[in-house]
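Only a predicted model underlies this, so the values are computations on that prediction, with no experimental measurement involved.
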Amino acid sequence: MIETLLENAARLPDQEAAVLWLEKMISRSAEYYEIDDNTAPVLIYLGADTCFNTLNHFSLELKKAFLCLRQQVEVFDAVREGHQALTKYIGQHFKAIIGIQTYLFSIKLQDGTTNLHDLISGAKYNMILDHPAWMKEHICNGPIDYYLLIHDRNYISFADHYYENVKGCLYVPPAGTLPAGLPEKLYDITFIGSYRDYRERLATLYTYDRKHRHFAGRYIGVMKKHPDYTAEQAFGEVLSQYGLKPERSAFLDLFYEMRQCCFCIMLYYREKVIRTLLEAGLEIHVYSESWQHSPFADFPNLICHPELQITESLQVMQQSRISLNIMSWHKDGLTERILNAMLCQSVMVSDRSTALEEQFTDGRDLVLFSLAHLEELPLMIKGLLKDENKLEEISRNGCEKALREHLWIHRARQLLNIWDKM
């Protein structure tokens, strides 16, 4: 092949330039990778069937989106193949390597220091769906060429400050998925989410030593009193009350240690929202047997169904006039549940976040409520259910907005634009 190229080069006006180009390609210079990056595949990871297979669903939707954009894609299934099989990629070059909240990027070789992914060429992207502090161990042990895709802009600021090893944090929230079929409204209100008792988390906090137990108590108290505070904002206020100014690493360690407080307050408000609606006489359909263990399991207007995989949840949303969402304390975030409901032409009713307020119009594309004023929520929902025209208008606007801006092909195109500029 090389001999043929040299023979062809001899027929060109500038043979030396052609030979120089060939030498650059053979030696894999910067020019080589300019071409190789455009043709190299994207490697996407699949993992365990957790969160009702939501993470793998994201990976496969992203794969389909990249294929639609004429990108080569390779998928690695860590459960089926085992993470040891990742060694087959050592020395290979990819346009990018993407995982959804995966632990694979923290895998070390047997020497205990070399990160496996430092031996695989291509930028690594981990889409984080929780607060990045909760993945502290995996993020701190990530590879050199490591980026986080984050759905809450507050979390971007946090990760940029506390994870010096991360090369960059990008606002790339998960997208929505188009449902199959047409909507048929059977339910007034549905909530796709499980029940967990915050009291069990409180019991865990009682196992802390006296000093940390008191700190945790104050921390929960601040978040309960100020439900619009971010977790780190409330944490900072408690530090000020104690007169503490920890260094960056000490702050991160203590914040991680106090993560049960955040889980506790999230579950507390989830329970409070559902109880508020039930006590107002509204019927709510929930989708997990875990609700049968909730304090209001005997309410006749709490209708419990079996838990759902994500594709099954789309059908339920299509059948719902209103889809209720309660954020997991994402105060500037956008989640797939919100977008899925919109694409299913169900009116999304969610607690507020800055991202929702800026990217959508309250009362036009969706309806937002405040955790600090839950007494207003039942009347708000009852008013919506009495106005069928308003419900149809909001569901139509929300669907159109999500179709224009929040499908997985939009996220894939966003990533390609990012890579073109790198």
Side-chain angles (χ1 to χ4, degrees), residues 28 33 36-130 132 135 137-151 165-170 172-175 177 309-311 336 408-409 411-416 418-419 422:
R28 299 199 174 193
Y33 284 106
D36 189 58
D37 284 345
N38 286 325
T39 58
V42 178
L43 178 60
I44 297 178
Y45 290 147
L46 293 179
D49 183 8
T50 56
C51 301
F52 311 111
N53 207 37
T54 299
L55 306 187
N56 286 337
H57 173 80
F58 289 174
S59 295
L60 294 174
E61 287 295 305
L62 198 53
K63 171 194 171 182
K64 289 192 290 186
F66 278 125
L67 290 174
C68 287
L69 296 173
R70 301 181 178 181
Q71 300 297 309
Q72 293 190 68
V73 179
E74 184 166 347
V75 174
F76 176 82
D77 189 330
V79 173
R80 184 172 58 85
E81 300 187 51
H83 68 261
Q84 296 88 349
L86 278 171
T87 55
K88 68 182 179 182
Y89 294 124
I90 290 177
Q92 292 194 36
H93 181 70
F94 294 94
K95 178 172 289 188
I97 305 169
I98 302 176
I100 312 295
Q101 198 134 315
T102 181
Y103 70 92
L104 295 177
F105 292 125
S106 61
I107 292 175
K108 300 291 181 67
L109 297 186
Q110 288 184 343
D111 62 12
T113 57
T114 304
N115 186 295
L116 170 64
H117 282 83
D118 286 335
L119 305 179
I120 306 172
S121 180
K124 292 82 184 177
Y125 295 85
N126 203 351
M127 179 175 277
I128 307 297
L129 304 173
D130 291 319
M135 290 191 69
E137 297 302 320
H138 289 306
I139 295 176
C140 287
N141 289 288
I144 295 171
D145 201 12
Y146 194 28
Y147 297 82
L148 302 182
L149 306 179
I150 297 179
H151 70 295
N165 63 303
V166 172
K167 201 167 183 179
C169 300
L170 307 168
V172 183
T177 302
Q309 295 289 311
I310 186 168
T311 51
E336 82 289 343
W408 281 104
I409 197 161
R411 301 296 185 260
R413 191 174 288 121
Q414 179 185 358
L415 290 170
L416 289 175
I418 290 169
W419 299 336
M422 291 180 64

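- Formation of a donor-acceptor pair under 3.5 Å by the Q101 side chain with backbone atoms of L129 is found in this model.
- Of all heavy-atom pairs between C68 and I409, the closest is CB-CD1, 3.9 Å.
- In this structure, CD in E336 is found 11.0 Å from CZ in R411, a value given to the nearest 0.5 Å.
- In this structure, I44 CD1 and I97 CD1 are separated by 11.5 Å, a value rounded to the nearest 0.5 Å.
- The line from CG of N126 to CE of M135 is 5.0 Å long, rounded to the nearest 0.5 Å.
- With V42 as reference, W419 is the one residue of Y125, F94, W419 to meet the side-chain contact (heavy atoms from CB on, under 4.5 Å) rule.
- The shortest non-hydrogen separation linking W408 to A65 is O-CB, 3.5 Å.
- The two residues V172 and M127 make their nearest non-hydrogen contact at O-CE, 3.5 Å.
- Two residues are said to be in side-chain contact when any heavy atoms from C-beta on lie closer than 4.5 Å; K167 and Y146 fail this criterion.
- Closest of all the heavy-atom pairs between H117 and P143 is CB-CB, 3.9 Å.
- Expressed to the nearest 0.5 Å, how far CD1 of I139 lies from CG of N165 amounts to 8.0 Å.
- The aromatic rings of Y45 and F76 sit perpendicular, their planes meeting at an angle over 60°, well past the 30° parallel limit.
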**OP:** Show your reasoning for whether side-chain contact (heavy atoms from CB on, under 4.5 Å) applies to T102 and L55.
**Re:** CA-CA 9 Å; T102 181; L55 306 187; over 6 Å; no
**OP:** Please report the C-alpha distance between L116 and Y89 in whole Å, then the side-chain angles of each, then the deciding distance to 0.1 Å, and finally whether the side-chain contact (heavy atoms from CB on, under 4.5 Å) criterion is met.
**Re:** CA-CA 9 Å; L116 170 64; Y89 294 124; over 6 Å; no
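- Judged by distance alone, with hydrogens and angles left aside, the side-chain atoms of K124 form a donor-acceptor pair with the main-chain N or O of G122 at under 3.5 Å.
- Nearest heavy-atom pair, T39 versus Q72, reported as atom, atom and distance to 0.1 Å: O-NE2, 2.7 Å.
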Original post:
Would D118 and N115 count as a side chain to side chain donor-acceptor pair (under 3.5 Å) if you check the C-alpha gap in whole Å, the side-chain angles of each, and the deciding distance to 0.1 Å?
Top reply: CA-CA 5 Å; D118 286 335; N115 186 295; 5.2 Å; no
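- For K88 and E81, the salt-bridge test passes: some basic side-chain N is under 4.0 Å from an acidic carboxylate O.
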Original post:
Does the side-chain contact (heavy atoms from CB on, under 4.5 Å) test come out yes or no for L119 and T87, once each step is laid out?
Top reply: CA-CA 9 Å; L119 305 179; T87 55; over 6 Å; no
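- A donor-acceptor contact shorter than 3.5 Å is absent between the side chain of N141 and the backbone of I107.
- Once rounded to the nearest 0.5 Å, the distance linking CZ of F58 with CG of L46 reads 13.5 Å.
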